[in-house]
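Proteins come first, then strands; the chains are lettered A, B, ... in the order of their sequence lines, and each starts at number 1.
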Amino acid sequence: MSLEILKSLGVALAGDSGLPADEIPSILPEPPPPNIDADFTVNCFRLAQAFKRRPDQLAESAERTLASMPEVEKVGRVKAFVNVRMKPAELHRQCAKFAEGTLSQPFLPESRRMRILVEFSSPNTNKPLHLGHLRNNAIGSSVSSLLSKAGHKVTRTNLVNDRGIHICKSMLAYRLHGDGITPESAGIKGDHLVGDFYVKFDKELKAQIEELRASDPKLKNVENDELFARTSIGAAAQDMLRKWESGDKATVELWKKMNSWVLDGFSQTYARMGISFDKIYFESDTYLRGKETVEEGLRKGVFGRREDGAVFTDLEKSSLGKKILLRPDGTSVYITQDIGTTLLKQSEFSPDQQIWVVGDEQIHHFKTLFAIMKQLGHPWADRLVHLSYGMVNLPSGRMKSREGTVVDADDLFDELFSLAKNATLERFEGKEPPPDIDSRAETIAMGALKFMLLKFNPKTTVTFDPQASVKFEGDTGPYVQYACARISSILRKCEEKGVAYAPELANFAALSSREERELSVRAAIYQSALSLALEKLDTSVISSYLLDLAKSFSRFYREHSVLNADDPGLRNARMGLSILVRDILKDGLAILGINVPEAM
RNA sequence: GUCCCGGUAGCUCAGAGGAUUAGAGCAUCUGACUUCUAAUCAGAGGGUCGCAGGUUCGAAUCCUGCCCGGGACGCCA
């Protein structure tokens, strides 16, 4: 797919280059720099490789070919950039056709569509979700949507980490100090209630460690981790974990109760974010998996056994060193579980590809996991992907739950909601505020938050400044939403005046201004943005694109009136263009998980 | 010690396998609401692209070395 004119160009250039018809590279338009008088640029530096020609030669051929086309008004060339200006009617017709194609059908050819399983979020059930989880959720969810839009069959999964010593910490603190309190009796969300006990445990642990140190000067240089089991509270937590693993009734009951509180809280947070999963795995169900696979690998000689009985694998060849898979006592480690769940997901859904959205501190872990899958001879092992992302820091540094510096997800939602509501109220000063103000404010707040999380490349460690990040002006989600709301408003006004859109009346030849041309071309390159985002698995490409398109629209809006256009031909052409732009903005925002209010 | 990621305007970030005069938002300053919504638009100032070499007609981009920041290299998860 591309502009018709560029498809023809591709055919001509391929003919010159002796490429077979089914290997014609698709040529996507690029916006020209502002000082060049053209609608779009054909970048032959980028195309040179695909056409197996030298950039300058390719550009010369392209220039000649384009100059001979009737739709073309003017062609210019700077080095290997061919700048094209089309006759307005053709420009708008071809751009609209191309952009509509992108909206209405998956942009990957059927032969390249796969079944893909994405795992993201994966929270621990000992504390509520925070800003870091929100970045994970936003990335995982938007990448899943992008993959679907491309034409892949996507399964969204979440592996909830609901067992282990950290869970027992909250449980123990609850048993010691809970006094029968419940989310209902306390009037707080279950995940927050449990999180509070986690913090309590940690405080008490710290105090006990201090006591220990004070009582014995030899402990001065011993790590806190090593002192854990020597505190009464630490030992009790370990004991609780053992009891849980052996199925002790009272322990399991408490665990079930507290976990259900946390999971209830999570569902509310997910629901508010508009995130859902096709399958939720619980580590309490899966944590014993992987052992059989490791033992089988041992029998087949893929893995080795150490003198003390531990099972390990040698990944020296991949320069990953040796990795323990089973401890000397036969118990499994973190990666053993991941081996198990990877195979479980593989057998349940037979995906062609699995993607994990997990923080970049686990890059090494996933390299190891993938190398082991390859050792085990799985043909899909080459396609496993760790989509890693950087931390979200505060201006003051890292967020630390133990120090109370985490930005809580629910609190942030509430804060953004009230800011959005106040901003909306300000705009209705002296007037009756709209009845749907709460839903508007919620849409705007979530739009601002998700856009903020998704406008950066996932790999970068980002700084979240609570003061600055919470704005609704500039490069933000609300800016893009606002462009949509304005278009809706234009269309409402048109309808009120009885001049609803009539495509057959549109005179696209009349759209000759710089703003109108630019807007059409931006709309047409939507697919380029999606393709690039897919290739990089980076939805920030889409955020940037949507900002550009919204900016182009805002400029157009300032310069040209739709409703008061000189004649029906021009008005309908502008309406058609505006509708297309709104549809693209909505479509792109939907990939990012952002809704659009009808009015703002 | 080894490996990975980053260092671009005061701040937060874009700059796809080299390529048209390095971009955007915020912040600062100037201008635009009797008009389809000013959550907007137009404009100004602000950069030795961490440093030093190299490859190239051409480097923020590729190569080497160094400096700075973050992370990983667990029988933690």
Checklist line | Euclidean distance, atom CG of residue A:N457 to atom P of B:G25 [Å, nearest integer] | finding: 20 Å
Next item on the list: Tell me what A:F312 touches on the nucleic acid: a base, only sugar-phosphate, or nothing, going by heavy atoms under 4.0 Å.
Entry: nothing
Margin query: Applying a 4.0 Å non-hydrogen cut-off, can you work out what A:I444 is touching in the nucleic acid: base, sugar-phosphate, or nothing?
Written below: base
Margin query: Taking any heavy-atom pair under 4.0 Å as a contact, classify A:E283: base, sugar-phosphate, or nothing.
Written below: sugar-phosphate
Show the atom names and distances, to 0.1 Å, of all donor-acceptor pairs under 3.5 Å that link a side chain in residues 484-501 of chain A to residues at least two apart or in another chain.
from	atom 1	to	atom 2	distance (Å)
A:S488	OG	A:C484	O	3.2
A:R492	NH1	A:E598	O	3.4

Checklist line | Closest-nucleotide 5' rank along RNA chain B - winner of A:E30 and A:Y334 | finding: A:E30
For nucleotides 68-73 of chain B, give me every protein contact, N/O to N/O, under 3.5 Å, one pair per line with atom names.
from	atom 1	to	atom 2	distance (Å)
B:G71	OP1	A:R398	NH1	2.6

Checklist line | Pairing partner (Watson-Crick or G-U wobble, both distances under 3.5 angstrom) of B:U40 | finding: B:A32
Check: When all nucleic acid strands are considered with a 4.0 Å heavy-atom cut-off, which category describes A:V562: base, sugar-phosphate, or nothing?
Finding: base
Margin query: Measure CZ/A:R574 against P/B:U35 and give the value in whole Å, please.
Written below: 19 Å
Which protein N or O atoms sit under 3.5 Å from an N or O of nucleotides 41-43 of chain B?
from	atom 1	to	atom 2	distance (Å)
B:C41	OP1	A:Y479	OH	2.3
B:A42	OP1	A:R555	NE	2.9

Next item on the list: Applying salt bridge (charged side-chain N to carboxylate O under 4.0 Å, His left out), run through A:R163 and A:E245 and close with a yes or a no.
Entry: CA-CA 9 Å; A:R163 52 130 250 137; A:E245 292 193 353; 3.0 Å; yes
List, one per line, each side-chain donor-acceptor pair under 3.5 Å for residues 541-558 of chain A, sequence neighbours excluded.
from	atom 1	to	atom 2	distance (Å)
A:S543	OG	A:L454	O	3.0
A:S543	OG	A:T539	O	3.4
A:S544	OG	A:S540	O	3.0
A:Y545	OH	A:R522	O	2.5
A:S552	OG	A:E518	OE2	2.7
A:S552	OG	A:D548	O	3.2
A:S554	OG	A:Y479	OH	3.2
A:S554	OG	A:A550	O	3.1
A:R555	NH1	A:E518	OE2	2.9

Notebook entry, point to check: How would you label the contact of A:D538 with the nucleic acid (heavy atoms, under 4.0 Å): base, sugar-phosphate, or nothing?
Noted result: nothing
Check: Ion pair present between A:K421 and A:D438, side-chain N to carboxylate O less than 4.0 angstrom?
Finding: yes
Margin query: Any base atoms under 4.0 Å from A:D465, or only sugar-phosphate, or nothing? Heavy atoms, all strands.
Written below: nothing
Next item on the list: Scan A:A599 against the nucleic acid and name what it touches under 4.0 Å (heavy atoms): base, sugar-phosphate only, or nothing.
Entry: base
Note to self: What's A:T424 touching, base or sugar-phosphate or nothing? Going by heavy atoms closer than 4.0 Å.
What the structure shows: base
Item checked: Set of residues satisfying ring pair (Phe, Tyr, Trp, His ring centres under 6.0 Å) with respect to A:Y287, sequence neighbours excluded -> A:W244
Item checked: Euclidean distance, atom CG of residue A:L241 to atom P of B:A77 [Å, nearest integer] -> 10 Å
Next item on the list: If B:U2 has a Watson-Crick or G-U wobble mate with both distances under 3.5 Å, name it; if not, just say none.
Entry: B:A72
Note to self: Distance check needed: B:A38 P versus A:F472 CZ, whole Å only.
What the structure shows: 19 Å
Next item on the list: Assign A:S489 to base, sugar-phosphate, or nothing according to its heavy-atom contacts below 4.0 angstrom with the strands shown.
Entry: base
Checklist line | Test: A:R327 and A:D329 ion pair at under 4.0 Å | finding: no
Note to self: Any salt bridge linking A:D37 with A:K74? Criterion: basic side-chain nitrogen under 4.0 Å from a carboxylate oxygen.
What the structure shows: yes
Notebook entry, point to check: Are side-chain heavy atoms of A:H365 and A:D338 found at a separation under 4.5 Å?
Noted result: yes
Next item on the list: Tell me the partner of B:C26, counting only Watson-Crick (N1-N3 plus N6-O4 or O6-N4) or G-U wobble (N1-O2 and O6-N3) with both under 3.5 Å; none if nothing fits.
Entry: B:G10
Item checked: Non-hydrogen side-chain atoms of A:K586 and A:L589 separated by less than 4.5 Å -> no
Next item on the list: Let me know the distance between CD of A:Q481 and P of B:A38, rounded to the nearest Å.
Entry: 17 Å
Next item on the list: Measure the distance from NZ on A:K536 to P on B:C5 and round it to the nearest whole Å.
Entry: 15 Å
Margin query: What residues from residues 40-50 of chain A pass a heavy-atom cutoff of under 4.0 Å to RNA chain B?
Written below: A:T41, A:F45, A:R46, A:Q49
Next item on the list: Could you tell me whether the side chain of A:H386 and the main chain of A:V358 form a donor-acceptor pair under 3.5 Å?
Entry: yes
Next item on the list: Select base, sugar-phosphate, or nothing to describe what A:F456 touches, counting heavy atoms under 4.0 Å on all strands.
Entry: sugar-phosphate
Notebook entry, point to check: Heavy atoms under 4.0 Å, any strand shown: does A:T460 hit a base, just sugar-phosphate, or nothing?
Noted result: sugar-phosphate
Next item on the list: Report the distance from atom CG of A:L547 to atom P of B:C13, rounded to the nearest whole Å.
Entry: 16 Å
Notebook entry, point to check: Hey, which of these two, A:D475 or A:V462, hits RNA chain B nearer its 5' end, going by closest nucleotide?
Noted result: A:V462
Checklist line | Complementary nucleotide for B:U55 - Watson-Crick or wobble, under 3.5 Å | finding: none
Margin query: Rounded to whole Å, please give me the gap between CG in A:D37 and P in B:U21.
Written below: 17 Å
